[in-house]
Undergrad: 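Here's a structure for you.
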Amino acid sequence: MTISTRFMCIALLMTYSSLAEGQTLLKGRVLDGHGRPIRLANVYPADSFDGTATDSLGYFSLSTEAPLPLSLVASHLSYEADTIVLKRMEDAQDLTFSLKEKLSLTLEEVVVSASALRFNDRKGQAVMKPMDVYTNPAGSGDLALSMRQMPGLQHVGQTEGFFVRGGAAWETNVSIEGIRIQRFFGKNGHNTPTRARFETGMFQGLSLATGGYGASKQGGLSGLLELQLSGQSPSSLNVSLASVFAGIGWGYLSPKKTTYIEQGVSVIEGSALRLMLRNEYKLPEAPFGMIYHARLAWSPTKQDDVKALVMMRRDKHISLAPAPTPYGTTSELYKGRNDYAFGMGRWRHHFQDGYTKTTLAVGLGWDDNKLHIAYPDWHNRSFEMTSRELDAQIRLRLDTRLTSLKVAGGLDYAYVRAKAALRQRQGIGSIADATSSAWVEAFYPISRSLSLEGGLRLEHSSLIGSATLLPRAALAVRLHQTGTLSLDLGRYAALGDYYLTHGIQPNAREEAYQANLTYEWRPKLHHLLRLQIYNKEYSSLTRLHHNYRVDNLGRGYARGVDVFWRVTRLIPNVEHWLSYTYTDARRSWLYAHELEQPDFVATHTASAVIKYWCKPISSLFNLAINYRTGMPYHNPNSKARGYYNELNDESFGLSFSYNYPFMLGRMAGVVVASVENILNAAPTFGYRYSPEPNALGQYSATRITTPYRQVYMLGFFINIGVDRRKEIMNTNL
């Protein structure tokens with residue numbers, strides 16, 4: 001019996017046992033303000049996974065195990081939601097809701113789900129919101145760094161990207177409103193974790209899936225980060241001032257509240273970073289960056305809403321760092337310049353029937369990068385690399401519902417063109433790929449405790465001239481009032497991001513098969529415990545040979561356990577998140593031709609975020625802790641078997657931040673102070689070796705560590721016109 005079959009049997013057995021529990025029958029009707037029945041309105045107990053939909057005459061019947069008293073909610077896209085509080089069993093029959101029609105279309109609220117589990121299309125409570133990013137001291141307000149506190153993600157330290165459950169960075173996709181972002185991270189300097197190119201305040205939903213996403217999601221062998229743009233906001237003026245950046249933004253809401261336009265400009269100037277560098281690193285010039293963004297939220301009719309985003313960015317970075325040569329250690333001059341532009345738009349139309357909608361999304365990205373590396377003390381050696389990349393995408397999606405069955409389907413088209421060159425005129429080739437996709441998926445609640453979701457995705461790549469069929473399925477079981485179990489299975493495929501990183505053209509799709517068994521326990525609104533067992537099997541991985549030959553005979557696996565526990569007010573005025581991941585990963589990949597643990601995987605990873613709200617002084621204190629065991633690396637001087645033949649040291653990090661919200665008239669603001677790496681740790685991420693051996697046949701090396709001793713930040717964030725303190729302070733405390 002396979003592992004996935006065993007998981008399915010366990011899930012079905014637990015479902016059978018849950019059907020024997022006690023239940024309360026609720027009956028009633030949902031009407032509009034004129035007494036007319038509302039078809040397909042959602043009716044569900046608050047803070048419960050039960051739910052149903054009204055029939056053509058507005059009637060509903062619902063069984064639930066939620067204890068009395070309970071709050072029963074009725075909602076519909078075109079009407080304001082209504083709640084009835086039931087205190088006695090006698091009140092559970094002949095219920096009548098009267099919903100008021102909405103004056104204008106309200107944009108859908110999107111929150112983070114702790115898993116792919118869905119009951120009646122209502123996702124679980126959020127585990128990461130923008131305010132969580134702002135108050136995470138390990139992230140300094142950046143969503144890319146803050147997301148690394150989530151379970152399943154590895155703390156690599158010096159390399160950009162999300163490394164999810166034994167997967168490489170490119171195996172996790174990032175999308176905004178369904179549009180994939182090819183280059184989500186900025187360009188990093190010497191051994192510095194890169195920040196996201198997009199500001200956290202643009203988004204209202206941050207959803208990280210470490211497996212189990214449906215057929216509508218494109219690409220990604222290991223993970224998917226979905227970002228949803230924020231909607232309308234009152235007119236306001238925003239000013240930000242910190243030790244390394246300054247920014248100003250303004251938003252305008254039309255008198256009829258149908259149109260919201262926002263613009264912002266930020267400047268990064270890193271002179272203060274010179275004070276935080278280790279002795280072996282230098283900054284000849286301070287890092288500089290300029291960012292402009294514009295965002296639109298528009299509701300032209302009651303059935304339509306439009307969102308759009310434009311972002312342009314320029315970054316420059318010059319640094320000196322130690323580098324190995326056959327004759328010892330020298331200085332490496334790293335001089336980089338990057339220009340990046342991105343634009344996207346999303347239009348959604350809701351039909352009059354209330355349960356059918358169409359979504360059209362388009363996006364365009366441009367990345368222009370220039371890197372100059374020189375060794376002034378080593379025969380004046382230098383080289384220059386330039387790269388340009390164009391990404392374009394269009395998506396069409398249709399969602400509808402047939403009684404309890406929810407069906408969605410769509411078409412995707414994505415075009416990527418990249419060109420790279422060594423020195424200014426010496427080309428090393430270009431690459432272009434057009435991927436066409438068609439998909440369909442359906443969600444069906446089999447019973448009050450059991451739901452099934454399945455889908456099929458077909459992708460065709462013009463680069464390799466072949467199509468791939470990708471089936472996905474998920475089974476969800478409500479075990480008891482506050483606990484659920486879900487099993488998801490799926491096949492995933494992607495070309496890989498090897499052209500700009502290794503200069504090779506992919507000739508086959510890499511594939512991964514995933515199985516995830518997840519248990520979630522939500523005893524209260526702000527309490528969450530998630531346990532997940534996962535297994536990934538890789539095939540067709542890219543391997544490189546020393547004679548420049550490439551094949552796709554690599555294979556591998558990644559399996560392990562994730563634990564995530566988030567609790568608010570278990571201790572008065574305290575919230576904490578605790579996460580732990582155990583990963584057993586092996587792969588034959590690139591230069592490792594046998595099954596080996598790759599250099600971006602640690603067997604044990606743990607993190608904690610603790611927040612304390614001190615009411616007497618109106619202040620929020622935050623502490624973040626990170627730990628991981630050692631990661632393997634390649635040592636050409638070692639005689640040990642295998643390519644990754646050495647293990648670096650374990651890593652431990654401690655960061656702290658302080659938030660003070662204030663209000664002066666119409667001006668609301670927050671003072672933020674933070675320090676990363678309080679203990680001044682110097683973790684070893686690995687070693688760099690000289691390209692040639694010395695006279696004794698040994699390759700000299702320099703240690704790879706963070707270039708900063710500690711990073712301090714003091715910032716002031718002020719808003720005039722609307723109180724935005726709740727976006728920065730975690731008001732759950």
Side-chain angles (χ1 to χ4, degrees), residues 137-142 144-146 156-160 185-197 199 240-248 265-291 313-324 329-340 369-378 382 624 626 651 653-658 671-685 688 702-717:
S140 297
D142 178 73
L145 299 180
S146 297
V156 177
Q158 82 279 15
T159 307
E160 66 183 32
F185 296 89
K187 302 295 181 180
N188 67 320
H190 282 106
N191 313 320
T192 307
T194 54
R195 300 172 67 89
R197 282 171 162 160
E199 297 178 5
S240 303
L241 181 63
S243 51
V244 293
F245 72 90
I248 185 170
V265 177
S266 301
V267 176
I268 301 171
E269 209 285 331
S271 295
L273 294 175
R274 289 192 175 105
L275 304 175
M276 310 171 198
L277 284 171
R278 300 187 186 279
N279 294 332
E280 60 267 36
Y281 293 89
K282 306 294 180 184
L283 288 177
E285 295 182 17
F288 176 82
M290 181 171 288
I291 309 167
R313 178 166 183 157
R314 162 164 281 202
D315 291 293
K316 292 183 178 180
H317 181 83
I318 303 177
S319 62
L320 277 170
T329 301
T330 186
S331 294
E332 179 184 67
L333 176 67
Y334 179 103
K335 184 177 182 179
R337 187 223 69 206
N338 178 255
D339 292 315
Y340 180 77
N369 192 59
K370 183 178 181 180
L371 176 62
H372 178 81
I373 296 181
Y375 304 90
D377 301 329
W378 186 25
S382 67
N626 293 313
S651 173
L654 188 63
S655 302
F656 171 81
S657 69
Y658 166 78
V671 178
V672 178
S674 67
V675 54
E676 296 183 49
N677 194 18
I678 294 176
L679 303 179
N680 195 19
T684 300
F685 301 130
R688 294 182 60 189
T702 57
R703 189 172 69 101
I704 301 174
T705 186
T706 170
Y708 300 102
R709 298 187 303 271
Q710 295 169 329
V711 178
Y712 299 90
M713 189 192 75
L714 178 63
F716 300 88
F717 303 88

Undergrad: Using side chain to side chain contact (heavy atoms under 4.5 Å, CB included) as the criterion, list what pairs up with P324, not counting sequence neighbours.
TA: R688, S690, S700, T702

Undergrad: S240: what forms a side-chain hydrogen bond (donor to acceptor under 3.5 Å, both in side chains) with it, not counting sequence neighbours?
TA: none

Undergrad: For S243, enumerate each residue passing the side chain to side chain contact (heavy atoms under 4.5 Å, CB included) test, keeping only those at least two apart in sequence or located in another chain.
TA: M713

Undergrad: Just to verify, what does R709 make a side chain to side chain contact (heavy atoms under 4.5 Å, CB included) with, not counting sequence neighbours?
TA: R278, N680

Undergrad: Could you work out, with ring pair (Phe, Tyr, Trp, His ring centres under 6.0 Å) as the rule, every residue matching F185, not counting sequence neighbours?
TA: F162

Undergrad: Do Y712 and Q710 have a side chain donor and acceptor closer than 3.5 Å?
TA: yes

Undergrad: Quick check: do V267 and F288 have side-chain heavy atoms less than 4.5 Å from each other?
TA: yes

Undergrad: Which residues satisfy the side-chain hydrogen bond (donor to acceptor under 3.5 Å, both in side chains) test with S657, sequence neighbours excluded?
TA: N622

Undergrad: Name all residues meeting the side chain to side chain contact (heavy atoms under 4.5 Å, CB included) criterion together with F656; count only those two or more places apart in sequence or in a different chain, and write none if there are none.
TA: F621, L623, Y658, V675, I678

Undergrad: Using the ring pair (Phe, Tyr, Trp, His ring centres under 6.0 Å) criterion, which residues pair with F716? Sequence neighbours excluded.
TA: none

Undergrad: Who pairs with S271 by side-chain hydrogen bond (donor to acceptor under 3.5 Å, both in side chains), at least two apart in sequence or on another chain?
TA: E269

Undergrad: Sequence neighbours excluded, which residues qualify as ring pair (Phe, Tyr, Trp, His ring centres under 6.0 Å) partners of Y375?
TA: W378

Undergrad: Looking only at heavy atoms, what is the nearest atom pair of Y281 and L277, with distance?
TA: O-CD1, 3.9 Å

Undergrad: Which residues satisfy the salt bridge (charged side-chain N to carboxylate O under 4.0 Å, His left out) test with R337, sequence neighbours excluded?
TA: D339, D368

Undergrad: Kindly compute the distance separating CG (N677) from OG1 (T706), expressed to the nearest 0.5 Å.
TA: 7.0 Å

Undergrad: Could you list the residues that satisfy side-chain hydrogen bond (donor to acceptor under 3.5 Å, both in side chains) with R313, not counting sequence neighbours?
TA: D315

